[in-house]
Amino acid sequence: MAKVLTSREENYAQWYNDLVIKADLAENSSVRGCMVIKPHGYAIWEKMQAVLDSMFKETGHSNAYFPLFIPKSFLSKEADHVEGFAKECAVVTHYRLKNRADGKGIEVDETAKLEEELIIRPTSETIIWNTYKNWIQSYRDLPLLINQWANVVRWEMRTRLFLRTTEFLWQEGHTAHETREEAIEETMKILNIYAEFAKSWMAMPVIQGTKTENERFAGAIETYSIEALMQDGKALQSGTSHFLGQNFAKAFDVTFLNKHGKLEHVWATSWGVSTRLMGALIMAHSDDRGLVLPPKLAPIQVVIVPIYKKTEELTQINEKVETIRKKLIAEGISVKYDNRDTHKPGWKFADYELKGVPVRLAVGPRDIENNSVELARRDTLEKKIYPMDGIEQIIKDLLHEIQNNIYRKALDFQTRNTFAADSYDEFKEIVKTSGGFILAHWDGTSETEEKINKETKATIRCIPLNQQSEPGKCMVTGKPSSQRVIFAKAY
RNA sequence: CGGGGUGUGGCGCAGUUGGCUAGCGCACUUGCAUGGGGUGCAAGGGGUCGGAAGUUCGAGUCUUCUCACCCCGACCA
């Protein structure tokens, strides 16, 4: 078999890049740091969107759309927020071009300078809160539960396809509530949705937790995240949910009259997941042959490949396949029948493996004779012959089994790569040799966190939720600590 | 912004101390055979060698300038 990808062992980063390109998910564009998401990659993103969107709607959220441009003055209204984002904003300063005097191309028309520059949104809190101000007068207007699907721009110094690009796609939820408790409840509700989505759809186990002050969203009181472990032992923050307190309400003067006729600032949340999830999905399950997709997010769940010599054979196969195809569709399974004569079966096998199609069904003359089909599953690469009758049920079960199996595998990987370190030396050794999640005691100070980061490159991914308190001593300073936190090297 | 590297058909690359018609693999086109794991053979199409200036009888190759991209760090979802 021709080798198409760099192996993970050889060079993990290169493997990832190769895979994204060769599986036709995305490519670098002529704009530095920005990617073109290709049809196959976009189809997966659309599936993710559809599922998440329905989860948001089931919990009472509505979609809306706010502008791409944000007046510069808005950004500076919340002090922490501007500090966090100012360094990576693209700015629109002019609104017109003109032909150059020498006739060679066009240039910015300096006379068309904007009175106030516009920022291309790195996130939409400011424009949204500026708008909400007019929407909210009374407790009867609350809660306000809005989500938007959008693109944002953050001028990053270094980019990687899906994991960090200058422009990326995401959803951002922005909600307003009467009380602190209600806003916190919303923050947690969304965090749970993200975790549930990761687990049940992406087949990716995640750890939920709160971020330390250093890692907190600019302008938030508390940031919660889901953290996933990639196959190279590095962590990937895969979604965040923020409790914003009254920070933005105060900055944009968003108030409401409560039931007792008293004016109060609203309580806010914001939360998001991005096309970075694509990177997580790729790195969670894929192997040296290519992408491995969880059936529930695979644009094509079953591909059918005919094997034939003569056209009469193909005609026969076409007929058989048509009945199979109909049965599968009736079961709600997405099927592609690839009977192109321009590519050989072997080529197609390799190609669909590269693209991560969970199940491949091959039908050849031998199968026609025996009334059988060959099924190959992408996750284990196992091949087996089955009778053609009742194949739809077998495939349905198989898709289920694959979904469960890749989750089990990912969970097992996470478990095997989660360690407890009781001394700083032990900690350093684990970071250096195996990577993974490391549970350790920390004294709760930014200084210690930064020291550890500087010395080991590992950061605190989160302070895990739902963990029993286990008093101990900080591995660096020896000061008391009430529970272990999760460290890892991160993307 | 520092350090390193690369620019030669669509992609990946070779091209020696300057030398004559710029080459190889993949991909592409056509034909024939083939078809249960990236098919074989044959014939073909496609290149201002990143750009500009210079040295020279002659530049992909040497000099100067310039542009772009990639990788490694500091910033971040």
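Quick caveat, the model's predicted, so the values are computed rather than measured. Protein chains get the first letters and strands the later ones, always in sequence-line order, with residue 1 at the start of each.
Base pairing analysis places B:C1 opposite B:G73; the two distances defining the Watson-Crick or G-U wobble pair are each below 3.5 Å. Searching all strands for a Watson-Crick or G-U wobble partner of B:C41 with both distances below 3.5 Å returns B:G31. Base pairing annotation: B:A52 forms a Watson-Crick or G-U wobble pair with B:U64, both donor-acceptor distances under 3.5 Å. Nucleotide B:C57: paired with B:G19 (Watson-Crick or G-U wobble, both distances less than 3.5 Å). Of the nucleotides present, B:C26 is the one that pairs with B:G10 by Watson-Crick or G-U wobble criteria, both distances under 3.5 Å.
For the C1' atoms, the distance linking B:C20 with B:G60 amounts to 15 Å, nearest Å.
Nucleic acid contact for A:Thr240: none, since no nucleic acid atom lies under 4.0 Å from a heavy atom of the residue. Using a 4.0 Å heavy-atom distance criterion, A:Phe168 is classed as a base contact. At the heavy-atom level, A:Leu236 lies nowhere under 4.0 Å from the strands shown.
Using a cut-off of 4.0 Å between Lys/Arg side-chain N and Asp/Glu carboxylate O, A:Arg378 and A:Glu353 are scored as not salt-bridged. Between A:Glu401 and A:Arg377 there is a salt bridge, since at least one side-chain N of the basic residue sits less than 4.0 Å from a carboxylate O of the acidic one.
Taking the six-membered ring where the residue is Trp, A:Phe197 and A:Trp201 present parallel rings, their angle staying beneath 30° rather than reaching 60°.
Checking A:Phe252, A:Phe74, A:Phe248 one by one against A:His81, the ring-ring contact (aromatic ring centres under 6.0 Å, His included) holds for a single residue, A:Phe248.
Between A:Tyr491 and A:Ile368, the one whose closest nucleotide on RNA chain B sits nearer the 5' end is A:Ile368. Positionally, the nearest nucleotide of RNA chain B for A:Gly364 lies more toward the 5' end than for the other of A:Ala13 and A:Gly364.
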